[in-house]
Amino acid sequence: MYYYSFIKTLIVALFCVGFSFTNYASANEVEADLVVQLDDPHIQIGSNFFGEELLIFGAFNSGDLSKSDIIIKVRGTSKSISVREKVKKYGIWVNSDDTIIDNVPSYYAIYSNRNIQRITTQDFLKENQIGLGYLKFVSNEKNQTPNIYKEIIKKNKEEGIFIERYTGVRIVGDKLFRASVQLPKDINEGSYDVTIYFFDDQKLVDRDTSRVFVNKTLAGKYIYTQANERPLLYGIICVVIAWIAGLSVAGLSRAR
Amino acid sequence: MYIYLPIAEVSVNLIILFGMGGAVGILSGMFGVGGGFLMTPLLIFYGIPPIVAVATEANQIVASSISGVVAHWRRRAVDFKMGTVLLIGGVIGSFLGIELFALLKNVGQIDLMISLAYVLLLGSIGSLIFVEGISAIINKRNDKIAQIRKRKERTWVYSLPFRVRFKKSGLYISVIPPITIGIFVGILASIMGVGGGFVMVPAMIYLLRMPTNIVIGTSLYQIIFVTSLVTILHAYENQTVDVMLAIILMGGGVVGAQIGAFLGHRLKAEQLRFLLGVLILAVCAKMLIELIAKPQNIYVIADVLL
């Protein structure tokens with residue numbers, strides 16, 4: 001395990017060195033202002049999955065390092081969620097009717113090298129939904145939604161599904177950056193959009209978008225698919241397994 | 001050591017789960033109870049979604065009941081005719097229970113319903129066992145022999161129509177009471193993920209007046225088929241049976257039941273019953289507190305399934 005992560009870091013380091021050389025070699029004719037590399041665009045949720053980190057590294061072409069900033073946004077697919085408020089009735093807490101909130105990301109992370117409010121303007125953050133405060137949820141009901149939105153963000157933050165880390169991007173040297181984005185253990189399957197914004201003096205110089213795919217590994221995926229696509233057969237197989245288990249235990253205890 | 005459960009969609013600690021299966025297995029080996037009514041709450045406390053806990057536990061009970069019934073069957077301590085009548089009721093009850101389950105799930109109240117059902121059931125069963133255990137201990141201290149109730153006393157049950165002869169049980173009674181008991185147990189199985197032996201066994205002894213020695217075998221025989229059906233219905237209607245979780249629990253349960261059977265011989269019956277009562281009441285109290293205490297999160301957030 002340690003060995004593996006060591007190798008990983010080594011590869012990243014080599015990559016970074018490579019980047020810097022190419023940049024030095026062609027100091028003035030660099031066309032791209034931002035070059036990005038993802039460590040592993042395919043992530044597998046195995047049966048022993050306990051979270052993973054997504055390594056993002058790259059190089060930017062900065063004029064003045066003190067004014068250069070990097071923001072990384074990772075966003076999972078949007079989904080709809082139902083929110084029910086608990087109300088006390090007859091002495092116990094029961095669920096009230098639900099409010100449906102759409103356009104909630106299944107995963108959302110903002111990593112930057114400093115507070116995003118100081119990197120760029122509020123308008124830009126709002127427009128690009130950068131920052132937990134700027135996520136645009138959609139709801140059919142108007143009343144009480146600010147509270148509900150706050151609650152959604154709070155809960156997802158606690159579970160590590162929404163992350164905002166203003167120290168998450170490390171600038172190495174004068175043109176390299178590196179971030180390790182945490183993916184929690186209960187992450188959903190699907191494609192994740194990774195957008196990297198490069199700012200110079202509060203202005204967007206370049207952006208780069210790539211995609212990461214998170215899949216369940218064969219066994220888990222197979223069980224999930226069978227359970228949902230052939231539910232009757234799946235149920236019968238579950239029962240057959242139980243019968244075999246029960247009968248073999250009975251057989252064993254007889255043998256003694 | 002963590003393992004990802006594909007249906008429950010959570011990562012769980014394999015050793016803790018196996019241990020839970022084992023602990024409940026020990027209890028069922030010691031007390032001769034199925035253990036579903038302890039396992040399902042434990043799974044919920046651990047963080048398994050209640051609807052998955054209920055459906056998967058039904059699946060595990062199939063295995064533990066089969067291994068249990070074989071011993072009774074060898075001793076010819078199963079009344080198949082009575083078991084089948086109970087089963088007819090159980091099938092009706094399972095379908096009713098699954099419908100109720102789906103209905104409550106759609107209005108978002110199923111978790112509450114499961115908790116409430118557990119508080120009611122564990123509370124009443126736990127208090128009964130607890131009181132009986134205490135009085136048995138006191139009686140023993142005073143050197144009194146517990147009075148055995150007259151068994152052949154006739155009750156209203158005997159005045160109902162559709163009477164059938166059950167040779168093995170030595171009964172000639174109406175099929176209405178056993179079918180009604182079966183229906184009730186079927187509903188319990190599908191909503192709570194329990195076998196229902198703790199309801200069925202007393203009902204068979206005190207209501208139907210069946211001989212005590214064949215009661216457990218007969219109830220296990222009924223439970224096997226009812227929980228098999230409930231598992232299939234949950235898998236079909238709700239897709240909530242997690243086969244991975246079920247296998248882990250079966251494994252733990254098998255090991256635990258062997259240890260429990262061994263321990264059970266070393267402890268006195270009254271002490272056992274007292275302990276069981278305390279345990280059930282403790283689980284009940286925890287469930288009750290979660291219903292009454294101000295919840296940490298006022299908002300319940302869930303994915304909308306399309």
Using non-hydrogen atoms only, which part of [X] is less than 4.5 Å away from chain A: side chain, backbone, both, or neither?
X	value
B:Leu116	side chain
B:Val12	neither
B:Ile61	neither
B:Ala55	neither

Open item on the list: With a 4.5 angstrom heavy-atom cut-off, is it the side chain or the backbone of A:Asn228 that approaches chain B, or both, or neither?
Closed with: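 The answer is both parts of A:Asn228.
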Open item on the list: Is A:Ile152 close to chain B through its backbone or its side chain, or both, or neither, when contacts mean heavy atoms under 4.5 Å?
Closed with: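 It is both, since atoms from each part get that close.
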Open item on the list: Would the distance check show the side chain of A:Ser96 and the main-chain N or O of A:Glu85 forming a donor-acceptor pair, the cut-off being under 3.5 Å?
Closed with: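 Side chain of A:Ser96 to backbone of A:Glu85: a pair is present.
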Task: Under 3.5 Å: donor-acceptor pair, side chain of B:Gln239, backbone of B:Tyr236 - done: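 Such a contact is found between B:Gln239 side chain and B:Tyr236 backbone.
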Open item on the list: Counting heavy-atom pairs closer than 4.5 Å to chain B, which one of A:Cys238, A:Ala245, A:Ser248, A:Gly91 comes out on top?
Closed with: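 Ranked by heavy-atom pairs under 4.5 Å with chain B, first place is A:Cys238.
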Open item on the list: How about NZ on A:Lys89, more than 12 heavy atoms from neighbouring residues, nucleotides or ligands closer than 6.0 Å, or not?
Closed with: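 Open: at most 12 neighbouring heavy atoms sit under 6.0 Å from NZ of A:Lys89.
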TODO: Among residues two or more places apart or on two chains, list those pairs meeting side chain to side chain donor-acceptor pair (under 3.5 Å) that have a residue in residues 54-72 of chain B.
DONE: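 Found none.
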- [ ] For chain A, find which of B:Val62, B:Val243, B:Val70, B:Thr227 contributes the most heavy-atom pairs closer than 4.5 angstrom.
- [x]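 It is B:Val243.
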Task: Sub-4.5 Å side-chain heavy-atom contact between A:Arg75 and A:Val194 - done: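 With C-beta onward as the side chain, the pair stays apart.
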